[in-house]
Amino acid sequence: MKSFKQACLFTGLLSGLSLCGAASAQIDPLIGGVTAPSAFYDRYALNAAGSGNIAFISDPAGSGRSVVSSVVRSTDAAVGGLMRTDYYPLNEAQATGVRWYGISVYLPSGWAVHPNPAVIAQIDSSSASTAALAAPLSLLVRGSALELNVNANYLDAASATAANSVRQVIKLGPATTGRWFCLVVRSDWQPTLGSGSTTMWMNGEKVYYASNSTNSYYGALQRPRAGLLFPGLMGVTERTLVSDFIRVGGPTTTALQMYQNSPCSSFVNGSNIQW
């Protein structure tokens, strides 16, 4: 296993899919993607103490596009035993094969530095047998740093545990506030030993690559999420995160196409994506 440390802007909430024309042709238009607030629950499921924990706001970076604000308060009720306000696309569950994901997050200026980790994006495994196992991919803030966690296990559901799973932690740099972090992932999901592959880019920089490597869990389905989730105690009274709508693509999608549909399209393009 090896680890290594685009320009069509949406101008309105409902026009995003049509403006990019051929450039967005490989982005799945039926799953996730941009949606009006009134149709959000037609496309996404929310895990939160209440629907009031999300709001639809104008991009704080000034692009004019509509994005999602998620909040978690220490007084909120736990959801599934966790403090969280995150969402995922309906009808998206990939067991094996190639899938592309685009998840973009923005840390507001009021983000308080604290050592307790906050997951801000992930591709998790929607299976009861993997409920106690870490998500195959998690982007999180720990203290003042941005961190990528990768987890996998080729053993069957009865044998796989957190202790015998493979885990990698990649430090991505400072968790800078007031800017977008746009994660693009190409994953060939394979639970069998030595058969999967994963490539990840952060704002066009290739931050992780693994080939001929198990990258998921036996019998699990992969699903992207954006928003806030706390694997332990929050440590603060309130957290707010801004995120873009989640996008997915099939085998012929490219990193450039994913970035053209992201909030980072103004500064990530075909000339500065690391191939």
Side-chain angles (χ1 to χ4, degrees), residues 1-5 82 86 88 94-105 107 115-127 129-157 159-176 181-232 246 248 255 258 273-275:
M1 182 176 289
K2 296 181 291 183
S3 298
F4 297 82
K5 226 191 114 83
L82 297 170
D86 60 356
Y88 60 90
Q94 187 89 1
T96 59
V98 176
R99 198 64 161 155
W100 283 81
Y101 307 91
I103 308 176
S104 302
V105 292
L107 302 179
N116 289 4
V119 176
I120 56 177
Q122 64 176 316
I123 302 174
D124 73 348
S125 292
S126 56
S127 169
S129 63
T130 60
L133 303 177
L137 185 154
S138 296
L139 179 66
L140 55 90
V141 178
R142 189 188 302 272
S144 60
L146 200 63
E147 183 178 296
L148 188 67
N149 287 189
V150 183
N151 300 273
N153 199 315
Y154 69 89
L155 298 174
D156 61 53
S159 303
T161 66
N164 61 27
S165 294
V166 175
R167 181 182 183 223
Q168 287 186 283
V169 176
I170 299 98
K171 301 294 185 180
L172 298 180
T176 308
F181 291 98
C182 299
L183 180 68
V184 168
V185 180
R186 180 198 183 275
S187 195
D188 183 1
W189 295 113
Q190 300 294 340
T192 52
L193 184 63
S195 60
S197 66
T198 306
T199 307
M200 303 179 215
W201 294 264
M202 178 62 74
N203 292 6
E205 178 185 1
K206 185 185 286 186
V207 295
Y208 180 83
Y209 171 71
S211 63
N212 301 319
S213 174
T214 306
N215 60 359
S216 57
Y217 297 110
Y218 187 85
L221 302 173
Q222 278 58 247
R223 183 175 57 191
R225 290 178 177 269
L228 288 164
L229 178 148
F230 298 89
I246 299 169
V248 294
M258 298 304 287
I273 295 176
Q274 293 182 353
W275 304 106

Let's go through Q94 and V248 carefully: what are the C-alpha distance in whole Å and the side-chain angles of both, what is the deciding distance for side-chain contact (heavy atoms from CB on, under 4.5 Å) to 0.1 Å, and is it a yes or a no? CA-CA 11 Å; Q94 187 89 1; V248 294; over 6 Å; no

Quick one: are N116 and F230 in side-chain contact, heavy atoms under 4.5 Å? no

Please name the pair of heavy atoms, one in Q274 and one in K206, separated by the smallest distance, quoted to 0.1 Å. OE1-N, 3.0 Å

To the nearest 0.5 Å, atom CG of L183 lies from atom CD of Q122 at 11.5 Å

Tell me, with the steps shown, if I246 and Y101 meet side-chain contact (heavy atoms from CB on, under 4.5 Å). CA-CA 7 Å; I246 299 169; Y101 307 91; 5.7 Å; no

Mind checking the CZ-CZ spacing from R223 to R99? Nearest 0.5 Å is all I need. 14.0 Å

Grab the two heavy atoms, one from S125 and one from Y217, that are nearest each other, plus how far apart they are. OG-CD1, 3.4 Å

Do the side chains of I170 and M200 get nearer than 4.5 Å, heavy atoms only? no

CG/L172 to OH/Y208 distance, rounded to the nearest 0.5 angstrom? 12.5 Å

Taking C-beta and beyond as the side chain, do T198 and V150 meet within less than 4.5 Å on heavy atoms? no

Are any of the side-chain heavy atoms of S144 and P174 separated by less than 4.5 Å? no

Minimum heavy-atom separation for L133 and A162, please, with both atom names. CD2-N, 3.3 Å

Just so I know, are the side chains of L148 and M202 near enough to count as touching, which here means a heavy-atom distance under 4.5 Å? no

Could you tell me whether a side-chain N or O of S213 sits under 3.5 Å from a main-chain N or O of G194, the two making a donor and an acceptor? no

Reported CG-to-CG distance for the pair N215 and N151, which is rounded to 0.5 angstrom: 11.5 Å

Is any side-chain heavy atom of V185 closer than 4.5 Å to a side-chain heavy atom of I123? yes

At what distance, to the nearest 0.5 angstrom, does CZ of R186 lie from OG of S197? 5.0 Å

Kindly indicate, with the supporting measurements, whether the criterion side-chain contact (heavy atoms from CB on, under 4.5 Å) is fulfilled by I273 and V184. CA-CA 11 Å; I273 295 176; V184 168; over 6 Å; no

Below 30° counts as parallel, above 60° as perpendicular, anything between as tilted: where do the rings of W100 and W201 land? parallel

Measuring only between side-chain heavy atoms, which start at C-beta, is I120 closer than 4.5 Å to L228? yes

Got a donor-acceptor contact below 3.5 angstrom from the N164 side chain to the S159 backbone? yes

Distance-minimising heavy-atom pair for M258 and G102: CE-N, 3.2 Å

Kindly determine whether V141 and L146 satisfy side-chain contact (heavy atoms from CB on, under 4.5 Å), including the steps that lead there. CA-CA 5 Å; V141 178; L146 200 63; 4.0 Å; yes

Minimal heavy-atom distance between P136 and W189, with the atoms involved, is CB-CZ3, 4.0 Å

Show the nearest heavy-atom pair for residues A157 and Y218, with the distance to one decimal. N-CD2, 4.2 Å

Note, Q222 side chain near S216 side chain (heavy atom, < 4.5 Å): yes

If you measure from OG on S211 to CG on D188, what distance do you get to the nearest 0.5 Å? 10.5 Å

